[in-house]
Every structure is written in structure tokens, then in C-alpha cells.
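Fair warning: this is a prediction, and the values are worked out from it, not measured in the lab.
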Amino acid sequence: MNSLWNICLVKLENEVPSTDFNTWIRPLQAVETEGKLHLLAPNRFVLDWIKKYHITQINKAVTEFSNGKMELVLNIGSNRHMLTPVVSSEPADMSIATKNFKSTLNKSFTFDNFIEGKSNEFARTTAVKVAANTGKTHNPLLIYGGSGLGKTHIMHAIGNEILAQNSDAKIVYLHAERFVQAMVKAIQQNALHAFKEFYRTADVLLIDDIQFFAGKDKSQEEFFHTFNSLIDQKHQIVLTCDKYPKEISGIEERLKSRFSYGLSVLIEPPDMETRAAILMKKAALAQIYLPDEVTFFIAKHMPFNVRDLTGALRRLIANAEYESVPITLDFTKDVLQDLIILQEKIVSIMTIQKTVSTYFNLNIDELLSETKIQSIARPRQIAMRLARELTPHSFPEIGLAFNGRNHTTIMSACKKIDDLKKIDLKLSDDYINLIRILSA
């Protein structure tokens with residue numbers, strides 16, 4: 001059927017892992033009789049699996065979207081061997097879905113338990129304002145930065161704060177890849193209208209990792225229209241991305257221009273103090289005593305993102321519990337030895353700046369200065385290009401590391417070095433030598 005069951009499918013596809021959804025739920029056939037929704041499984045194995053693992057979610061969706069008026073019945077069979085199903089060519093009534101929609105936000109991600117520091121304070125402050133003035137302040141809000149820095153946490157915190165203010169708000173959260181998959185399935189199931197209505201009636205749309213839209217033209221087309229529809233209604237859009245949007249290849253320019261309508265905020269890797277605060281907070285939540293010397297040792301050797309920091313702490317706690325020993329500095333060094341060695345092999349922008357300065361007989365101050373003398377400007381451009389090639393940092397992040405230069409300056413420097421390497425053999429050799437030194 002194309003009314004109740006298709007609405008349920010949209011909800012379930014956002015809740016159930018895609019492999020399980022496509023394997024077990026999508027093959028079910030739906031037949032509506034008076035007061036009953038019959039879901040037909042192709043065989044006993046599928047029926048038993050549904051009853052064991054998915055019946056609660058399915059029953060909840062049916063109850064919500066039928067206002068409790070439909071009884072769910074599971075059988076083996078096909079709609080060809082039952083009463084003719086009530087199938088309508090009309091689009092699904094998404095007003096039911098909107099009224100009864102339940103958000104899939106992670107309730108543990110809030111502003112209260114987000115550790116603020118210099119690297120993320122602007123992003124957090126902006127997010128709080130957006131949550132308090134939905135659709136009116138910074139719409140869309142785009143949060144970008146490297147992996148594991150807290151972008152998803154802030155996104156969920158916005159949604160949770162809005163829900164705390166208005167429990168009836170329809171807040172849709174999903175990963176960009178999930179949006180693409182859902183659209184493909186909607187086309188296959190002749191439910192594209194229901195798909196469009198579901199997302200375009202959201203009060204708040206939260207989409208993670210929009211870089212996954214790259215190269216997917218049909219999905220970009222649909223998202224473009226969804227974006228415009230929500231903005232026109234003054235409904236809030238919040239997006240995350242692992243890099244500055246204009247850096248993403250494979251994204252249409254019209255979408256990039258839409259992203260610039262609101263505000264783009266950068267989350268940088270946390271500084272030492274913030275990393276230490278995060279460790280203390282997580283240790284306290286786990287009811288684990290973490291000595292200060294251990295806290296700052298981990299913070300010093302896990303400098304790049306919160307995810308690595310958290311992973312190191314979890315490993316440490318697990319080993320201490322397994323061996324029934326207290327957490328000491330020596331124990332920490334032993335448990336995290338391989339992680340520390342791996343982290344030390346990662347090239348940082350500061351290491352690149354020091355290496356390039358030494359290679360060209362400059363000091364760091366000269367390299368980072370504003371002088372345009374070629375003997376200094378060219379090494380500076382080389383350092384910028386190496387930072388882009390050898391680190392995961394975005395153009396804006398690299399710009400900040402070079403005395404707050406604009407991201408367009410970094411982009412221009414990278415292009416200049418790429419062009420010169422093709423015609424200047426000396427520069428090309430220098431660049432290769434520097435990569436060898438940094439990779440040793």
C-alpha cells in the first residue's frame with residue numbers, strides 16, 4: 001500500500017541499519033483490510049526474524065502513523081494470494097508522519113556535556129544561538145572540520161535543545177549517505193513523493209557529512225530543492241562537512257552557493273587544555289580516577305581529535321579493569337605505546353614549517369612573515385602546499401597556522417607550487433626532498 005506502510009518505511013529506513021532494512025523489512029508486502037495491516041513475509045525464516053528482531057519498531061511505527069487504529073498482523077504469503085491490497089496511486093499522506101514523527105537524535109549529545117575550548121567555542125556559541133532562534137539565525141548553519149572533533153555532537157545538541165523547548169518539533173537527523181540511499185529506494189518503490197514530503201516538512205533538518213553528496217547528481221538535485229523548500233519556510237538546516245565546502249570536488253556550484261547563505265563555522269583540533277578537560281570529564285563519567293600526570297600525558301600524545309583521545313582512554317580503562325590494577329603513568333605508557341608511536345609518525349603543520357625553514361636557512365618568524373621577497377615567499381608557499389598534501393587539514397585550518405591567512409591565499413599558493421613544479425626543476429627537486437625528509 002502507498003499510504004500507511006510507505007510512511008512507516010520512511011521512518012524505519014532512518015532507524016534500522018541499511019543492511020537489515022533491505023534484507024528483512026523491505027521485502028515485506030503490505031495488505032490493508034478493515035482495521036488491520038497485514039505484513040506478508042516470503043517464508044517462515046523471514047517471518048521469525050522479523051518477530052525476533054524488528055517487530056517492536058514496526059509495531060510502533062504502525063501505531064503512531066495510524067493513530068492506533070490499525071492492528072498489525074504478520075503472515076507468510078504474498079498479496080497475490082490474499083484479498084486485493086488497497087494500493088493507491090495517490091501520494092502518501094505525510095501529515096500523519098509529521099504529526100507522529102519521533103526523532104532519532106542521540107540524547108546523550110547535549111550542550112551541557114560538550115567540552116568547550118578555544119578550538120570550538122565559536123561553533124558552540126553559534127549552535128546555542130541557532131537552537132534558541134530556529135530558522136531565524138544563521139540558516140543554514142554549516143559546521144566543518146576534521147574527523148572526530150565534535151561536529152556531530154554539536155549537531156545533535158542543537159536538535160536536543162530544540163526538542164526540549166518544543167517536544168512536537170519534527171527534527172530529522174541522518175547521514176548524507178543515508179539520504180542518498182533513501183532516495184534511491186524511494187525511486188525503486190515509486191514512493192518519491194512521500195520521500196520529498198517527509199524531508200520538506202521537517203522543522204529542522206540535520207545532515208551529517210555532506211561531502212558524501214559529491215558525484216551523486218540526482219541526490220544533489222533533490223537536496224537542492226529540499227534545501228530551498230525548507231529555507232523558504234524558514235525551517236532550520238544544519239549541516240556538517242569534513243572540509244570547507246568550496247574545497248569539495250563533485251558538488252554543484254549552486255549547492256555550494258546555497259551553503260554560503262548562512263554561516264560556516266570551523267572546529268579545529270582541541271588545544272592541550274581542552275584535551276585534558278575532555279579526558280577528566282570522560283573519566284569522571286566512567287567513575288575512574290585519572291591522575292593529573294596521566295591526563296596530561298595522554299593529552300600531549302593524542303593531539304589531533306577527540307575520537308582518538310576517547311579511544312585511548314577507553315583502552316586504558318579496559319586494560320586497568322582487566323588486570324585489576326590502578327592507572328599509573330608507567331602503566332599508561334605501556335598500554336598506549338603503539339598508539340603513541342603511531343601518533344608521532346603523523347606530520348603536523350608545525351613540523352612542516354620547522355623543516356622548510358631549516359631546509360631554506362630561514363627562521364620560523366621569517367617563514368610566517370608578510371614579506372613578499374621571493375627567497376622567503378616561495379618557501380612559505382612550498383610549506384603551505386606540503387601542509388595540504390601531508391596533513392588532513394583544510395585550507396582555512398592551514399591559513400590559521402600561517403598567521404591567520406585567508407583560505408584563498410593557501411589555495412593560490414598550492415596552485416602556484418603545482419604549476420612551478422612542472423617547469424622549475426630545482427623547485428621540484430626541493431619539494432621531493434622535503435617530502436622524503438618529512439616522511440622519514
Chemist: Give a yes or no on whether a salt bridge exists between R124 and E121, defined as a side-chain N under 4.0 angstrom from a carboxylate O.
Modeler: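 Salt bridge flag = no for E121 with R124.
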Chemist: For K415, which residues count as a salt bridge (charged side-chain N to carboxylate O under 4.0 Å, His left out) partner, sequence neighbours excluded?
Modeler: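 Partners of K415 under the salt bridge (charged side-chain N to carboxylate O under 4.0 Å, His left out) test: D419.
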Chemist: Out of curiosity, M384 CE to F395 CZ, how far, rounded to the nearest 0.5 Å?
Modeler: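 Those atoms lie 11.5 Å apart.
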Chemist: How close do N403 and L368 get, heavy atom to heavy atom, and via which atoms?
Modeler: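 Looks like ND2-O, 3.0 Å.
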Chemist: Can you pull out every side-chain hydrogen bond (donor to acceptor under 3.5 Å, both in side chains) where at least one residue sits in residues 276-295? Sequence neighbours excluded, please.
Modeler: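 Sorted pair list comes back empty.
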Chemist: Charged N to carboxylate O below 4.0 Å: is that the case for E397 and R388?
Modeler: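 Looking at E397 and R388, the cut-off is not met.
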Chemist: How many angstroms lie between atom CG of D203 and atom CD of Q236, to the nearest 0.5 angstrom?
Modeler: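 The CD atom of Q236 is 11.0 Å from CG of D203, to the nearest 0.5 Å.
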Chemist: Give the intermediate values and the outcome of ring-ring contact (aromatic ring centres under 6.0 Å, His included) for residues F179 and F212.
Modeler: CA-CA 10 Å; F179 184 93; F212 281 91; over 10 Å; no
Chemist: Is the NZ or CZ atom of R380 both under 6.0 Å from the centre of the six-membered ring of F402 and within 45° of that ring's axis?
Modeler: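 No, R380 does not sit over the ring of F402.
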Chemist: Measuring from atom CD1 of I288 to atom CG of L290, what distance do you get when rounded to the nearest 0.5 angstrom?
Modeler: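 Rounded to the nearest 0.5 Å, the CD1-CG separation comes out at 9.0 Å.
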Chemist: Do you see a donor-acceptor pair shorter than 3.5 Å between the side chains of K118 and T274?
Modeler: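 Looking only at side-chain atoms, T274 and K118 do not form any donor-acceptor pair under 3.5 Å.
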Chemist: Taking the side chain as C-beta and beyond, is there a heavy-atom pair between L142 and T240 under 4.5 Å?
Modeler: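 A side-chain contact is absent here, since even the closest heavy-atom pair is not under 4.5 Å.
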Chemist: Going by atom types only, do H138 and N133 share a side-chain donor-acceptor pair under 3.5 Å?
Modeler: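 No, no side-chain donor-acceptor contact under 3.5 Å.
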Chemist: Test side-chain hydrogen bond (donor to acceptor under 3.5 Å, both in side chains) on H175 and D209; report intermediate values, then the result.
Modeler: CA-CA 6 Å; H175 191 277; D209 290 331; 3.0 Å; yes
Chemist: At their closest point, which heavy atom of I115 faces which heavy atom of N120, and how far apart are they?
Modeler: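 What the structure gives for the nearest pair is O-ND2, 3.2 Å.
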Chemist: Would you kindly say whether Y173 and D208 are connected by a side-chain donor-acceptor distance under 3.5 Å?
Modeler: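 Side chains of Y173 and D208: pair found under 3.5 Å.
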Chemist: Is any side-chain heavy atom of F198 closer than 4.5 Å to one of V172?
Modeler: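 V172 reaches F198 side chain to side chain.
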Chemist: Looking just at side-chain N and O atoms, do D330 and T328 make a donor-acceptor pair shorter than 3.5 Å?
Modeler: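 No pair is found: no donor N or O on one side chain lies under 3.5 Å from an acceptor on the other.
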Chemist: Could you grab the distance from atom CG of L72 to atom CG of L37, nearest 0.5 Å is fine?
Modeler: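 If we round to the nearest 0.5 Å, L72:CG and L37:CG are 6.0 Å apart.
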